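All ligand and atom numbering here is 1-based and tracks the order in the structure. The figures here come from the full heavy-atom set of this structure, side chains too, leaving out hydrogens, waters and symmetry mates. Quick caveat: nothing in here was measured; it's all calculated off a predicted structure.
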Amino acid sequence: MNKAAQAVETTAVESADHEEIRRVFAAQRDTMLAWRQSTAAERLGRIQRLVDAVRAHTDEIVEAGAKDFRKPPEEVHLTEILPIYMEAKDAQRHLKKWMKPEKVAPTRMMVGTKGYIQYEPKGRALIISPWNYPLNLSLGPMVSALAAGCPVILKPSEMTPHMSALMSRLIRETFDETEVAVFEGEVDVSQTLLDLPFDHIFFTGSPAVGKIVMGAAAKNLTSVTLELGGKSPTIVDETADIKAAAQTIAWGKYTNNGQTCIAPDHIYVHNKVREDFVRATVEALQKAYGDSADAQQESPFLARIVNANHTARIKGLLDDAKERGGRVLYGDTVDESDRYIAPTLLTDLPDDARIMEEEIFGPLLPIIGYDSLDEVIGKVNDAPKPLALYIWSKNEKNIDEVMHRTSSGGACINHAVVHFLHGHLPFGGVNNSGIGNAHGLFGFKAFSHERAVVRTRFMLARMFFPPYTKLTNFIIKILPKSL
Ligand code: NAD
């Protein structure tokens, strides 16, 4: 194959100047104060500028995706650019309503007052984004921050330098640095940013770094949204539509070549349908990417692994699995020089194989046969709460059992990964897979403070002012019964 033509370009990251970071952060203070009074029209104007910039740079975005890790152009359009348009459209449709003070009925104690929630912009926001969907996971939260009226500093990932450099340029051309600024660089840049007293930090990345971010945020009591990762289990029971399950799981797993936070990580499949499922998954992979090992490696629809370290990490998971008795059902081609590992199905994996403990984030798919759904639920509950969980079944009782006896950030019943695209649902994890939510109204709320406001109409509270009288004591007696 023509590897030269397909080569993934590498480039060095230019690290931001740390004094410059502090200067821009200080300069965003006036913007933060001014934007407290911003109207929906002004906020939407900023979002529109961002959308127009993305549209104007579409070809370069596709090119950057290819240069960083050979992301297929179709996947750049569908999974990087489209979600930003969707996020922006949702804000355009609903922002006026989201911004309106939300009236609440008075409790009995509060008779004589009006209560409402005022959504005020939290203030200066820091967005730290990962490499796997670098544009989507940087500009998507940025739309939410702008909708909420917050100026932003973005720190994109150093692992996708072409996309990060492009975003940096795109933002510089579109916004004044006091509105939105980008600082590229490695961990040291993140650390300098994390020392600053931002009003909100929106972090997307691994649970390990999420803990560092939350620790740093604690020093300034800054609120956080943590969009983290983990091992998202998929269950295919004996009643499932096997062909639909296999095709959809293969699509969910191999889009971005397994480097998706909500990709099905491993599959529990009922032993009665296990062989059928493996056969259908192989068919789905061959249809999507070619029916020989060479054809798959040359397929323009399979992204590369992001860098040599991650290629070695995933190869390490595969080697460890095989050493511990894991059996390869399909795939197994490894070409480190091309940052390529074939879509690989594995089975017979002991629970302590590394692949069963660490987030895979690559093209390996463990398939675990089961007889008892109880046992599967037990395994899911023994692991940290995942970001997503998928159940394939036609049996309502089984669906109900899985949905009510497990916990995960999000879930799909007879589908995979698409809950990310549903802008009216909160997107986020739970505990180890994250804290807080993104998307639509939930993204707007992440960057907004819900200010509780009580406005007095008539002053019943006077009854409780000193000097305390017999009437006060009488009210104290009857009050608990009248709440
Ligand atoms: P990562 O945690 O290594 O890096 C994320 C960001 O944090 C990068 O910008 C990086 O420069 C910065 N960073 C790294 N180390 C840091 C440190 N010590 N201090 C401060 N900042 C630091 O994650 P990644 O490898 O870029 O992305 C993969 C992970 O992200 C996976 O776990 C995946 O599941 C998760 N993820 C989650 C979502 C979601 O929406 N929940 C989406 C995509 C990826």
Trainee: Could you tell me whether some N/O pair between Thr204 and ligand 1 is separated by less than 3.5 angstrom?
Mentor: no
Trainee: Need the ligand 1 atom indices (1-based, order shown) with element for anything under 4.0 Å from a heavy-atom of Gly229.
Mentor: 32 (O), 34 (O)
Trainee: With respect to Val180, which candidate in Gln28, Met142, Arg49 satisfies the side-chain contact (heavy atoms from CB on, under 4.5 Å) definition?
Mentor: Met142
Trainee: What part of Ala208, side chain from CB on, backbone N/CA/C/O, both or neither, has a heavy atom under 4.0 Å from ligand 1?
Mentor: neither
Trainee: Could you walk me through whether Ile262 and Phe420 pass side-chain contact (heavy atoms from CB on, under 4.5 Å), step by step?
Mentor: CA-CA 8 Å; Ile262 46 172; Phe420 182 90; 3.7 Å; yes
Trainee: Could you tell me, atom by atom, which parts of ligand 1 come under 4.0 Å of a heavy atom of Phe427?
Mentor: 40 (O)
Trainee: Tell me the nearest of Ile360, Ile262, Asn132 to atom 43 (C) of ligand 1, using heavy-atom distances.
Mentor: Asn132
Trainee: Compute the shortest N/O to N/O distance between Trp131 and ligand 1 and return yes if it is under 3.5 Å, no if not.
Mentor: yes
Trainee: What atoms in ligand 1 come closer than 4.0 Å to a heavy atom of Glu227?
Mentor: 37 (C), 38 (C), 39 (C), 40 (O), 41 (N)
Trainee: Say whether Gln191, considering both its backbone and side-chain N or O atoms, lies within less than 3.5 Å of an N or O atom on ligand 1.
Mentor: no
Trainee: What do you reckon, does Gly434 put a non-hydrogen atom under 4.0 Å from ligand 1?
Mentor: no
Trainee: Can you list the atoms of ligand 1 that are under 4.0 Å from a heavy atom of Phe361?
Mentor: 28 (C), 31 (C), 33 (C), 34 (O)
Trainee: Taking distance alone, no hydrogens or angles, what donor-acceptor pairs closer than 3.5 Å link side-chain atoms of residues 127-137 to residues at least two apart or in another chain?
Mentor:
| unit_1 | atom_1 | unit_2 | atom_2 | d |
| --- | --- | --- | --- | --- |
| Ser129 | OG | Ser138 | OG | 2.8 |
| Asn132 | ND2 | Gln259 | O | 3.2 |
| Tyr133 | OH | Thr260 | OG1 | 2.5 |
| Asn136 | ND2 | Thr79 | O | 2.8 |

Trainee: Is there any N or O on Glu359 that sits under 3.5 Å from an N or O of ligand 1?
Mentor: yes
Trainee: Please report whether ligand 1 has a polar contact with Ile128, defined as an N or O pair separated by less than 3.5 Å (distance criterion only).
Mentor: no
Trainee: Kindly give the heavy-atom pair with the smallest separation between Gly258 and Ala263, and that separation in Å.
Mentor: O-CB, 4.2 Å
Trainee: For Met214 and Val224, which heavy atoms make the closest approach, and how far apart are they?
Mentor: CG-CG2, 4.3 Å
Trainee: Check each atom of ligand 1 against the heavy atoms of Leu137 and keep those under 4.0 Å away; list them by number with element.
Mentor: 42 (C), 43 (C)
Trainee: Nearest protein heavy atom to atom 4 (O) of ligand 1: under 4.0 Å?
Mentor: no
Trainee: Run down the list Thr260, Leu228, Asp265 and name the one with the heavy atom closest to atom 37 (C) of ligand 1.
Mentor: Leu228
Trainee: Under 4.0 Å from a heavy atom of Ile212: give me the atoms of ligand 1 that qualify, with their elements.
Mentor: 18 (N), 19 (N)
Trainee: What is the closest protein heavy atom to atom 39 (C) of ligand 1, and at what distance does it sit?
Mentor: Cys261 SG, 3.5 Å
Trainee: Considering non-hydrogen atoms of the protein only, which is the closest contact for atom 27 (O) of ligand 1, and what is the distance?
Mentor: Pro130 CB, 3.4 Å
Trainee: Looking only at protein heavy atoms, which one is nearest to atom 35 (C) of ligand 1, and what is the separation?
Mentor: Gly205 O, 3.2 Å
Trainee: If we set the cut-off at 4.0 Å for heavy atoms, which region of Phe203 has an atom near ligand 1: side chain, backbone, both, or neither?
Mentor: side chain
Trainee: Please could you name the atoms of ligand 1 that Val187 approaches to less than 4.0 Å, counting only its heavy atoms?
Mentor: 15 (N), 16 (C), 17 (C), 18 (N), 19 (N)
Trainee: Do any side-chain atoms of residues 358-368 form donor-acceptor pairs under 3.5 angstrom with protein atoms, and if so which ones, sequence neighbours left out?
Mentor:
| unit_1 | atom_1 | unit_2 | atom_2 | d |
| --- | --- | --- | --- | --- |
| Glu358 | OE2 | Arg354 | NE | 3.0 |
| Glu359 | OE1 | Gly230 | N | 3.3 |

Trainee: Is a donor from one side chain sitting under 3.5 angstrom from an acceptor on the other, for Thr160 and Asp68?
Mentor: no
Trainee: If you draw the axis of the six-membered ring of Trp35, does the NZ or CZ of Arg46 fall within 45° of it and under 6.0 Å from the ring centre?
Mentor: yes
Trainee: Between Arg124 (side chain) and Val152 (backbone), is there a donor-acceptor pair under 3.5 Å?
Mentor: no
Trainee: Given ring pair (Phe, Tyr, Trp, His ring centres under 6.0 Å), test His200 with Phe198 step by step and report yes or no.
Mentor: CA-CA 6 Å; His200 190 71; Phe198 279 93; over 10 Å; no
Trainee: Is the positively charged end of Arg304 above the ring of Tyr340, judged by distance under 6.0 angstrom from the centroid and angle within 45° of the axis?
Mentor: no
Trainee: Would you check if there is a donor-acceptor pair between the side chains of Thr347 and Arg274 at a distance under 3.5 Å?
Mentor: yes
Trainee: Where is the nearest protein heavy atom to atom 10 (C) of ligand 1: which residue, which atom, and how far?
Mentor: Glu158 OE1, 3.6 Å
Trainee: So which protein heavy atom does atom 16 (C) of ligand 1 come closest to, and at what separation?
Mentor: Val209 CG1, 3.5 Å
Trainee: Checking Gln296 side chain against Gly290 main chain: does a donor-acceptor pair fall under 3.5 Å?
Mentor: yes
Trainee: Tell me the protein heavy atom at minimum distance from atom 23 (O) of ligand 1, and give that distance in Å.
Mentor: Ser206 N, 3.5 Å
Trainee: In ligand 1, which numbered atoms sit nearer than 4.0 Å to a non-hydrogen atom of Ser129?
Mentor: 6 (C), 8 (C), 9 (O)
Trainee: For ligand 1, which is the ligand I care about here, please tell me if Ser190 has any N or O atom under 3.5 Å from one of the ligand's N or O atoms.
Mentor: yes
Trainee: Between Arg405 and Asp400, is the closest basic N to carboxylate O distance under 4.0 Å?
Mentor: no
Trainee: For the pair Ser408 (side chain) and Leu387 (backbone), establish whether a donor and an acceptor sit closer than 3.5 Å, ignoring hydrogens and angles.
Mentor: no
